[in-house]
There are 2 protein chains.
Amino acid sequence: MPTTNRPRRVTIDDVARAARVSRQTVSRAINDKSEIDPETRRRVLQVAQEMGYRPSRFARGMVRQDVTTLGLIIADVLNPFFPEVVDGVLEAADGRGWQVVVYATGSERAKELAVAEAVPKHVDACVGFILHEEAIRTIASSGIPFAVLDRRGRDLAVAGVDIDFRDGIRQGLDHLTERGHRRIAMIDDRAHALSGAPHARRAAYLAYARDHGLPVGERWIQPADNSTEGGAAAMDALLAEHPDVTAVFAYNDLIAIGAMRQAMKRGREVPGDCAFLGFDGLALGELVDPMLTTLYIDKRRFGKLAVEQVATLMTEPGEVMDAVIRPELVVRRST
Amino acid sequence: MPTTNRPRRVTIDDVARAARVSRQTVSRAINDKSEIDPETRRRVLQVAQEMGYRPSRFARGMVRQDVTTLGLIIADVLNPFFPEVVDGVLEAADGRGWQVVVYATGSERAKELAVAEAVPKHVDACVGFILHEEAIRTIASSGIPFAVLDRRGRDLAVAGVDIDFRDGIRQGLDHLTERGHRRIAMIDDRAHALSGAPHARRAAYLAYARDHGLPVGERWIQPADNSTEGGAAAMDALLAEHPDVTAVFAYNDLIAIGAMRQAMKRGREVPGDCAFLGFDGLALGELVDPMLTTLYIDKRRFGKLAVEQVATLMTEPGEVMDAVIRPELVVRRST
DNA sequence: TTGAAAGCGCTAACAG
DNA sequence: CTGTTAGCGCTTTCAA
């Protein structure tokens with residue numbers, strides 16, 4: 001067996017002993033305090049370095065209650081919607097000196113629940129984009145300051161940010177009908193539709209169609225996976241069922257782009273034969289051809305607002321705040 | 001003044017006292033241990049809930065040394081290169097039950113140094129995409145397990161992943177020369193060029209041009225901001241200086257896309273008048289028109305490998321590993 | 001400038 | 001099933 005065999009971590013006491021000083025003095029050296037002889041400090045630091053000493057962040061955190069860690073729950077970093085939200089959150093957190101721990105759930109129920117269970121043990125506060133209400137409740141009931149990133153009008157007693165989908169969709173569909181469109185289909189996010197979560201986009205689309213006497217309804221809603229590939233596949237299905245469609249309103253830009261490209265591949269001219277309207281306002285929308293008309297939402301602000309809410313909750317516990325983000329129609333070439 | 005005035009946090013002892021049990025029993029209830037009467041548990045949980053008790057993660061971490069927190073340093077989430085890296089890191093970390101704390105530096109020297117200084121205090125291990133060597137050294141010397149995400153062939157005694165830019169660029173430029181191109185310009189990342197960090201892409205481009213007698217060199221390198229806008233601006237500058245350019249090799253896909261679109265706006269046909277070659281292989285490259293030829297690198301794997309390296313370092317301290325990612329030429333329509 | 005004592009809040013191990 | 005005893009590793013008093 002080896003001569004040295006200590007799985008135990010090197011502690012401040014070990015260093016103190018080796019440097020022949022009190023652990024207090026080691027602490028002073030490590031933390032760069034002033035009340036210490038420069039020479040002593042040098043020696044202590046030297047010894048600490050050699051021994052590979054690293055202060056335990058738990059022991060330190062225990063006595064100085066000053067670091068705040070924020071949990072950030074998102075669905076999927078690969079969906080370009082989220083990096084912008086994350087950026088807003090990181091910036092707001094950084095401004096407060098907070099650490100940010102990121103969790104991705106893929107919006108899967110089991111994963112959301114698992115994260116909801118674990119998160120409160122590891123962070124001081126949390127903001128999250130969460131589909132399943134049960135997961136939201138789990139976090140809320142843990143008692144940590146918490147804001148949902150997409151309250152979707154849920155009347156839970158939880159702080160959060162709402163996006164005014166209804167108004168956004170009115171803007172978007174007004175725009176399409178003004179351009180003369182009537183057979184406006186919707187390509188929806190399948191996972192969202194199946195989750196049982198409130199679905200303002202879908203509801204607003206149906207309500208608008210009804211109120212304006214458009215010849216469309218449930219049967220003009222085509223489900224899709226949340227990706228460009230999903231949008232493409234859904235477009236094929238849509239064209240098969242409703243070849244006379246003249247405009248498509250998509251759940252988001254990613255799906256819209258996939259659908260639009262597929263339509264073009266199938267020989268449709270955009271926007272001549274079929275117009276496309278997205279939702280989110282991804283940077284991506286300006287890079288495709290034709291550039292995508294979309295309902296822009298300020299995703300960085302979205303993230304920031306949620307952080308501001310939990311910041312308030314840290315001082316004003318129990319407060320239930322809300323904030324609303326209003327989408328803005330950005331007309332480009334696809335409509 | 002208010003009757004209740006306790007800024008002090010509710011501790012396990014407070015709950016124990018209120019529930020008239022030992023704090024051990026409270027601990028058992030909170031942690032869902034089996035050795036406890038269900039009725040006692042219920043009561044204790046109830047009291048804890050009412051008092052707003054939340055276990056201190058520091059105190060807990062102190063006695064159970066089981067949570068591992070990984071620091072992840074990136075430049076910018078908004079650059080689509082990073083979400084993929086982050087995804088790989090999150091997945092690898094999640095598989096090990098690790099938490100991930102994310103820091104964005106914008107590759108700015110001051111910010112990188114600040115993060116490098118702070119990170120070791122807050123995490124157990126770290127992987128980072130860091131431009132400035134001084135920041136790398138700071139983290140390395142802190143003693144935490146650490147792997148750089150982009151070692152760039154630096155001969156530091158630090159674990160990390162290398163990307164074989166030299167080979168990638170050979171593949172890319174071979175492809176362009178086979179297509180008959182000779183006046184191949186490069187659009188470079190200005191910040192990288194100015195940082196003093198090793199710059200394999202630039203070096204490989206120049207070496208290739210020299211070795212193959214291409215009529216280009218330093219003066220055919222145009223600096224750009226790292227964005228599509230940056231690429232567009234650089235393309236204008238490039239066309240002004242070298243109107244006879246027939247192909248552009250860009251620092252990355254983002255810049256390539258910006259440059260390509262600008263060239264088209266200026267009346268150049270792509271790839272007829274001017275071909276474009278990117279680097280990174282972003283999903284984005286398939287969405288633009290024409291689709292971008294690029295040197296694909298597996299960014300998720302990139303992140304994963306780095307995590308594997310620090311995982312090894314946790315058990316095998318001091319080991320200096322490396323891994324290499326080889327770019328792969330993906331020929332699409334822009335060349 | 002240095003050291004000794006006193007906890008921070010929690011759980012593991014053992015005893016009852 | 002429940003309580004008691006020991007720390008986990010560090011910093012903040014306070015004295016020397």
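Naming convention: chains lettered A, B, ... in sequence-line order (proteins, then strands); numbering from 1 in each chain.
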Chemist: Taking atom P of D/dT12 as reference, at what distance in whole Å does atom CE of A/M62 sit?
Modeler: 14 Å
Chemist: Could you go through A/E308 and A/L305, starting from their C-alpha distance and side-chain angles, then the distance that decides it, and tell me whether this counts as side-chain contact (heavy atoms from CB on, under 4.5 Å)?
Modeler: CA-CA 5 Å; A/E308 277 165 22; A/L305 285 174; 3.8 Å; yes
Chemist: Taking 4.0 Å as the cut-off, does a side-chain nitrogen or oxygen of B/T40 come that near to OP1 or OP2 on D/dT2?
Modeler: yes
Chemist: About how many Å separate CD1 of B/I12 and CZ of B/R54, when rounded to the nearest 0.5 Å?
Modeler: 14.5 Å
Chemist: Has A/T11 got a side-chain N or O lying under 4.0 Å from the OP1 or OP2 atom of D/dG9?
Modeler: no
Chemist: Assign a letter to each nucleotide of nucleotides 11-16 of chain C from its 5' end: B, base within under 4.0 Å of a protein heavy atom; S, sugar-phosphate only; -, no contact.
Modeler: BBB---
Chemist: Table please: side-chain donor-acceptor pairs of residues 109-121 of chain B below 3.5 Å, with sequence neighbours left out.
Modeler:
residue : atom : partner : partner atom : Å
B/R109  : NH1  : B/E134  : OE1          : 3.2
B/R109  : NH2  : B/E134  : OE1          : 3.0
B/K111  : NZ   : A/D94   : OD1          : 3.4
B/K111  : NZ   : A/D94   : OD2          : 2.6
B/E112  : OE1  : B/L131  : N            : 3.3
B/E112  : OE1  : B/H132  : N            : 2.8
B/E112  : OE1  : B/H132  : ND1          : 2.9
B/E112  : OE2  : B/L131  : N            : 2.8

Chemist: Just by distance, do the side chain of A/R28 and the backbone of A/R41 share a donor-acceptor pair under 3.5 Å?
Modeler: no
Chemist: Does a nitrogen or oxygen in the side chain of A/S56 sit under 4.0 Å from OP1 or OP2 of D/dG9?
Modeler: no
Chemist: Taking atom P of C/dC10 as reference, at what distance in whole Å does atom NZ of A/K121 sit?
Modeler: 14 Å
Chemist: Should B/T25 be listed as having a side-chain N or O under 4.0 Å from OP1 or OP2 of D/dG3?
Modeler: yes
Chemist: Should A/I297 and A/F81 be marked as a side-chain contact (heavy atoms from CB on, under 4.5 Å) after you check the CA-CA gap, both sets of side-chain angles, and the distance that decides it?
Modeler: CA-CA 10 Å; A/I297 63 183; A/F81 175 84; 3.8 Å; yes
Chemist: Do A/R137 and A/F146 meet the cation-pi criteria used here (NZ or CZ under 6.0 Å from the six-membered ring centre, within 45° of the axis)?
Modeler: no
Chemist: Check residues 66-75 of chain A and write down every donor-acceptor pair under 3.5 Å in which the side-chain atom is one partner and the other belongs to a residue at least two apart or another chain.
Modeler:
residue : atom : partner : partner atom : Å
A/T69   : OG1  : B/R57   : NH2          : 2.9

Chemist: For A/R17 and C/dA4, what is the distance between atoms CZ and C1' respectively, to the nearest whole Å?
Modeler: 16 Å
Chemist: Given atom CZ of A/R57 and atom P of D/dC10, what is their separation to the nearest angstrom?
Modeler: 13 Å
Chemist: Whole Å only: how far is the CZ atom of A/R20 from the P atom of C/dG3?
Modeler: 12 Å
Chemist: Expressed as a whole number of angstroms, how long is the span from A/F58:CZ to C/dG9:C1'?
Modeler: 13 Å
Chemist: Nearest whole Å is fine: how far is D/dG9 C1' from A/D13 CG?
Modeler: 8 Å
